[in-house]
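Take a look at the structure below.
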Amino acid sequence: MTYDVIIIGAGPSGMMAAITAGMRGRRVLLLEKNDVVGKKLAFTGGGRCNLTNSASVDEIINNIPGNGRFLYGALSRWNNKDICDFFEELGLKLKEEDHGRIFPAAEDALTVIAALEKRMAELGVAVACRTEVTKVLSRAGKIMGVRLRTGKVLCAEGIVIATGGKSYSSMGSTGGGYAFAKTLGHTITPLSPGEVPLLSGDSFTGKDQLQGLSLQDVSVSVLGTKGKRIVTHRGDILFTHFGLSGPAVLCASTFALKELEKRRRLSGESAVDADDSSVRQSIPNKKESDIRKIIPVIQIAIDILPDKKEDEIIREIQNYGQSGGEKSLKNGLRGFLPERLLLYFLRELDLDLERQLKTLTSGEAWSLATLCKNFAVDITGSLPLDKAFVTCGGVSLKEIDSKTMESKLVRGLYFCGEVLDLNGHTGGFNLTAAFVTGRIAGESILRV
Ligand SMILES: Cc1cc2nc3c(=O)[nH]c(=O)nc-3n(C[C@H](O)[C@H](O)[C@H](O)COP(=O)(O)OP(=O)(O)OC[C@H]3O[C@@H](n4cnc5c(N)ncnc54)[C@H](O)[C@@H]3O)c2cc1C
């Protein structure tokens with residue numbers, strides 16, 4: 001059997017490209033090195049698959065901080081609404097949750113994969129799992145085919161590289177697509193973690209402090225030099241044993257890491273992980289504050305009560321004082337903040353937990369309110385790329401035609417999905433980018 005199109009990688013972008021090319025009557029072969037298709041897709045959205053977002057096209061682009069504008073043309077042809085229609089036509093019921101996030105109604109990513117597989121079977125797309133591509137073959141600026149790990153060569157006039165990024169490599173995205181692209185003359189912009197939990201050595205990470213505490217709907221700002229707010233994201237956060245996670249932190253992470261890198265360049269430091277014990281051992285006899293001075297850190301500020309002004313918070317504290325002034329601080333202020341956070345803040349302000357609430361001075365109430373509005377956390381780095389939700393960087397978009405997803409360097413070569421230098425926030429924006437670029441590549445390939 002000969003094929004018109006070979007697609008490398010059966011993630012969301014590759015499957016969408018395969019279906020679209022199949023709908024246009026192409027003979028399509030989809031190659032996947034895992035033993036199943038959509039391995040990463042199955043884990044998305046905590047296994048529920050947040051497959052797109054109901055936001056306007058402009059908002060979608062704003063939520064793809066890594067080169068979202070590249071998608072303007074593509075989204076004007078096929079967008080998030082079309083993704084929903086596409087899946088509903090395949091019989092998949094969808095539902096919308098907060099922040100416009102769209103999930104399958106069954107809350108099961110496997111239903112998304114099953115719908116895609118069924119459509120591929122109907123269209124006669126040949127799917128070969130456990131089949132790894134090791135080289136993409138070209139001659140005189142024109143695509144020829146691929147070589148498999150077995151040594152076998154398969155020929156096709158059109159090849160789509162849909163191999164994903166480099167995060168969660170155990171799911172198959174090991175970054176091989178970058179090597180294929182580079183060998184074919186493409187530029188790969190530097191890779192770094194995106195939408196990634198942040199590291200902090202602050203005391204809240206200690207045992208019996210804030211580990212495991214989640215807060216809903218707070219606001220997280222990345223602070224630049226002189227405390228200037230670079231970006232602010234609102235949403236949920238999670239305190240962990242290594243630092244901070246949760247949607248609002250993930251959204252802020254790329255900006256935090258960029259700022260950290262900038263500080264490191266300015267201070268002449270190489271990128272080191274301040275929480276790495278070997279780094280600490282290399283700076284003997286230093287207090288924590290000295291280590292922080294040596295290793296650049298940046299700060300993020302968390303506003304725990306973003307809908308309240310400081311004076312409102314002070315009045316609220318005073319109201320607690322009026323109703324329970326005889327009680328201790330820790331009991332009298334119960335309900336003002338989640339209990340562990342309240343105790344942590346009181347200790348941070350050196351306030352005796354057993355003191356009577358009525359003895360709290362207005363200055364102390366002001367300090368507590370200020371801490372609620374501006375809880376500053378030192379950030380020293382992030383978890384590694386392999387633990388990031390998405391890869392920042394990838395195949396340079398300067399070398400890709402945004403109308404077709406075709407390489408400007410090699411005829412018949414197309415790219416889609418995370419292998420491209422595109423990265424979005426959590427909330428369904430990365431899968432949107434994967435589906436849309438897959439659709440455009442599948443639509444354009446071998447057009448005549
Ligand atoms: C835990 C987690 C949860 C996420 N949740 C969401 C979410 O809810 N919503 C959202 O929008 N985004 C989410 N993302 C991001 C989203 O999953 C990715 O952006 C998306 O999967 C990228 O799709 P892709 O098709 O480009 O690549 P991938 O899904 O990574 O697929 C690439 C495929 O190519 C295969 N492959 C690679 N190299 C070869 C080769 N040489 N030969 C053959 N096959 C090869 C791989 O095995 C893989 O199956 C999440 C990411 C993670 C890690």
Side-chain angles (χ1 to χ4, degrees), residues 1-34 37-38 73-74 77-78 82 86 89-90 113 115-164 176-177 180-181 183-186 395 399-417 419-420 434-448:
M1 175 81 180
T2 56
Y3 297 96
D4 303 318
V5 177
I6 292 176
I7 297 170
I8 312 169
S13 68
M15 286 193 276
M16 184 58 83
I19 288 171
T20 315
M23 281 160 58
R24 290 173 61 83
R26 308 291 175 222
R27 291 166 301 173
V28 183
L29 174 62
L30 178 61
L31 301 176
E32 169 55 56
K33 67 178 173 178
N34 286 330
V37 301
R77 276 165 49 198
W78 207 74
D82 298 305
F86 169 85
E89 276 163 29
L90 298 187
I113 297 170
L116 292 167
E117 278 189 290
K118 184 163 172 270
R119 188 70 183 125
M120 288 195 292
E122 282 166 6
L123 292 165
V125 171
V127 181
C129 288
R130 288 181 287 272
T131 308
E132 185 180 357
V133 172
T134 52
K135 193 163 187 206
V136 176
L137 309 168
S138 71
R139 191 181 302 147
K142 192 169 171 292
I143 218 68
M144 303 302 292
V146 297
R147 179 174 299 132
L148 305 182
R149 166 85 43 214
T150 55
K152 191 173 172 184
V153 169
L154 300 171
C155 295
E157 279 179 55
I159 301 286
V160 183
I161 297 184
T163 45
F180 299 152
T183 309
L184 293 162
H186 278 275
V395 175
E399 296 157 359
I400 306 295
D401 181 344
S402 64
K403 293 192 192 75
T404 59
M405 301 301 144
E406 188 174 11
S407 159
K408 291 179 183 171
L409 312 182
V410 183
R411 204 144 38 95
L413 176 66
Y414 292 72
F415 292 89
C416 57
V419 70
L420 290 166
F435 286 132
V436 169
T437 52
R439 174 79 182 199
I440 300 295
E443 215 172 70
S444 316
I445 198 156
L446 307 185
R447 69 197 177 287
V448 267

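By convention here, the first residue in the shown sequence is residue 1.
Here the side chains of Arg119 and Met23 are in contact, with some heavy-atom distance below 4.5 Å. Side-chain contact between Phe435 and Phe86 is absent, with no heavy-atom pair separated by less than 4.5 Å. By the 4.5 Å heavy-atom criterion applied to side chains, Thr437 and Tyr414 are not counted as neighbours. At a threshold of 4.5 Å between non-hydrogen side-chain atoms, the residues Phe180 and Val133 count as touching.
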Pair Leu409-His186, side-chain contact (heavy atoms from CB on, under 4.5 Å): steps then yes or no: CA-CA 7 Å; Leu409 312 182; His186 278 275; 3.9 Å; yes
Worked check of side-chain contact (heavy atoms from CB on, under 4.5 Å) between Ile19 and Val125: CA-CA 7 Å; Ile19 288 171; Val125 171; 5.5 Å; no
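Nearest approach of Ile445 to Ala21, heavy atoms of both residues: CG2-CB, 4.1 Å. Across Thr163 and Gly177, no two heavy atoms sit closer than the pair OG1-CA, 3.0 Å. Across all non-hydrogen atoms, the minimal contact from Ala181 to Val395 is CB-CG2, 3.8 Å. In terms of heavy atoms, Ile161 sits closest to Val419 at O-CG1, 3.7 Å. Closest of all the heavy-atom pairs between Ala441 and Val160 is CB-CG1, 4.5 Å. Met405 and Ala74 make their closest contact through CE-CB, 4.3 Å (heavy atoms, listed as atom of the first residue, atom of the second, distance).
Between atom NZ of residue Lys33 and atom CD1 of residue Ile8 there is a gap of 11.0 Å, rounded to the nearest 0.5 Å. For the atom pair Glu443 CD and Arg26 CZ, the distance stands at 11.5 Å (nearest 0.5 Å). In this structure, the separation between CZ on Arg24 and OG on Ser444 is 7.5 Å, given to the nearest 0.5 Å. With rounding to the nearest 0.5 angstrom, the CZ atom of Arg439 is 4.5 Å from the OG1 atom of Thr20.
When atom types are taken as modelled, the side chain of Arg77 and the backbone of Lys403 share a donor-acceptor pair closer than 3.5 angstrom. Not a single donor-acceptor pair under 3.5 Å links the side chain of Ser13 to the backbone N or O of Gly438. For Thr131 (side chain) and Cys129 (main-chain N/O), a donor-acceptor pair under 3.5 Å exists by modelled atom type.
At a threshold of 4.0 Å, the pair Arg27-Asp4 counts as salt-bridged, since one of the basic side-chain nitrogens sits closer than that to a carboxylate oxygen.
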Name each donor-acceptor pair under 3.5 Å that joins a side chain in residues 137-157 to protein atoms two or more places apart or in another chain, with its distance.
residue : atom : partner : partner atom : Å
Arg149  : NE   : Glu132  : OE1          : 3.3
Arg149  : NH2  : Glu132  : OE2          : 3.3
Thr150  : OG1  : Lys152  : N            : 3.4

